[in-house]
Amino acid sequence: MLGHIRRTFVVAVVAFAATVLTFFGGGAAFAHGFSSTVYAKISAGDEGHIRTELELEYDLLVVSAADSGDDDPLFKVGTAAFEAGDPGAQAAALNTHAPTVLRYVADRLSVTAKDAPCRPTQVGDAAIGARDGVPYARLLFDWTCPERVAEHEVRSRLFPDDEAYVKDTKTIVTYRLDGRSGSAALDAANPSFSTAQTAYQRFGEFFLLGAEHLLSGIDHILFLLALIAGSRRLREIVLAATSFTLAHSVTFLLAALGLVDVPGRIVEPVIALSIAVVAGWHLWGLWRRGAHATDLEPAGRGHLSLDRRGWIRLGVVFCFGLVHGLGFAGALGIDEAWSWTLLWSLLVFNVGIEVVQLAIIAAIFPLLFVLRRRAPKAGLWATGVVSAGVSIMGLIWFVQRVFGS
């Protein structure tokens, strides 16, 4: 019986691997690679000006500005500098073609005072930095408004979907202006905010941003599927989800507040590896125990109904949750000094993540539980095939993220 189950799962793994590779190819490696994030800091400048400090993905800025401004020389020199990995040449390309870059930004980012547009002027030269190993251009602008008012509106349409380079661009704004401070998350559905916005509006934006981030991050969803597939009892998935939540909440807040800084080139491969390990753990149990893979050891009838395997798995999930929290924080890229307003925005973002996470568990685990009760063999097949596919994708992503392909 055990040998038959092993042979069956080998066939399932091979078949599922072929399906996964055919469907996903290599393009799914970077779960967040089809979107972009713009970072903006807004403050009061000198002589009544509004100062914006923008950080934009360098290569995306080059191709978008060159295409919009019909500036082929910018495209050629800018992409050559990007491929060479030369920050000095990248900055020089933007500064040489500053009018094209300014026109692109000014057409898609606006500051208004009482519905009257403010006029932007670039301050200094462009500089090149990096976020998670990706070159980012840093641009400073001073906006001159027709009159001084106590409320401003900021609107961003940078890197829109219709340019066809990326999808779902987010602009993460932190501001200290008009006697107020706070954060805002702008996208195509919510492209603007007012410095007079209510806390309810601001927090609603961050809640939706958190929910969308989990839904668009297929790697985090696959990790949840691996947890669900490997949980033998309702108590196990509840404890695993709680452990994961506590862990990623801690590192998410520490990283988003700038208290912990781990490069994305380390975080992203480890996230991929965590998916493969958690899913592979269940596959190993099926291989070793076959139809008894979901049985609890005698010790599992005691404290919290967890046996030794359950406790070890819980510890592993907690450790990987710490890493996933760093990945969630990377979506915001906020490294401002401590403030209660910022803290609440981050917490609401995290709540958005949790709501979607719990909804996925609530939708899938009861179905799996019923299947295991009514058709145990089919339940083993279902969890085995799911775990095989998730593990394969985790390994593919791990290799691609390590080697940067």
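Between the side chain of Ser243 and the main chain of Leu239, no donor-acceptor pair closer than 3.5 Å is present. Remark: the backbone N or O of Ala81 is paired with a side-chain donor or acceptor of Gln90 at under 3.5 angstrom. Side chain of Ser192 to backbone of Arg155: no donor-acceptor contact under 3.5 angstrom is found. Proximity of a side-chain donor or acceptor of Asn95 to a complementary backbone N or O of Ala126 within less than 3.5 Å is detected. Arg157 places a side-chain N or O within 3.5 Å of a backbone atom of Asp107 that can act as its donor or acceptor partner. With hydrogens and angles ignored, the 3.5 Å screen pairs a side-chain donor or acceptor of Tyr58 with a backbone N or O of Gly78.
When side chains are defined from C-beta on, Ile42 counts as touching Ile50, because their heavy atoms get closer than 4.5 Å. Proximity of Arg103 to Thr100: side-chain heavy atoms (C-beta onward) are separated by under 4.5 Å at one or more points. Residues Thr96 and Val77 form no side-chain contact, since every pair of their non-hydrogen atoms from C-beta on lies 4.5 Å or further apart. Side-chain contact check for Tyr104 versus Asp71: every heavy-atom pair is 4.5 Å or farther apart. Residues Val134 and Glu57 meet the side-chain proximity criterion, which asks for heavy atoms closer than 4.5 Å. Within the 4.5 Å cutoff, no side-chain heavy atoms of Leu186 are placed close to those of Leu158. At least one side-chain heavy atom of His220 sits less than 4.5 Å from a side-chain heavy atom of Ile271.
The two residues Thr169 and Phe159 make their nearest non-hydrogen contact at OG1-O, 2.7 Å. Residues Phe141 and Leu139 share a closest heavy-atom pair of CE1-CB, 3.6 Å. Contact record, Val166 with Ser36: CG2-CB, 4.2 Å, taken as the closest heavy-atom pair. In plain terms, the two heavy atoms of Pro146 and Ala116 that are nearest each other are CG-CB, 3.6 Å.
Results of the side-chain contact (heavy atoms from CB on, under 4.5 Å) test with Arg108 over Ser68, Pro191, Ser156, Ser64 single out Ser68 as the only residue that passes. Each of Thr121, Val154, Thr112, Leu109 was checked for a side-chain contact (heavy atoms from CB on, under 4.5 Å) with Trp143, and the lone residue meeting it is Leu109.
Ring pair Tyr136/Tyr39 is tilted by interplanar angle, where 30° to 60° counts as tilted.
Aromatic ring centres of His248 and Phe244 lie closer together than 6.0 Å.
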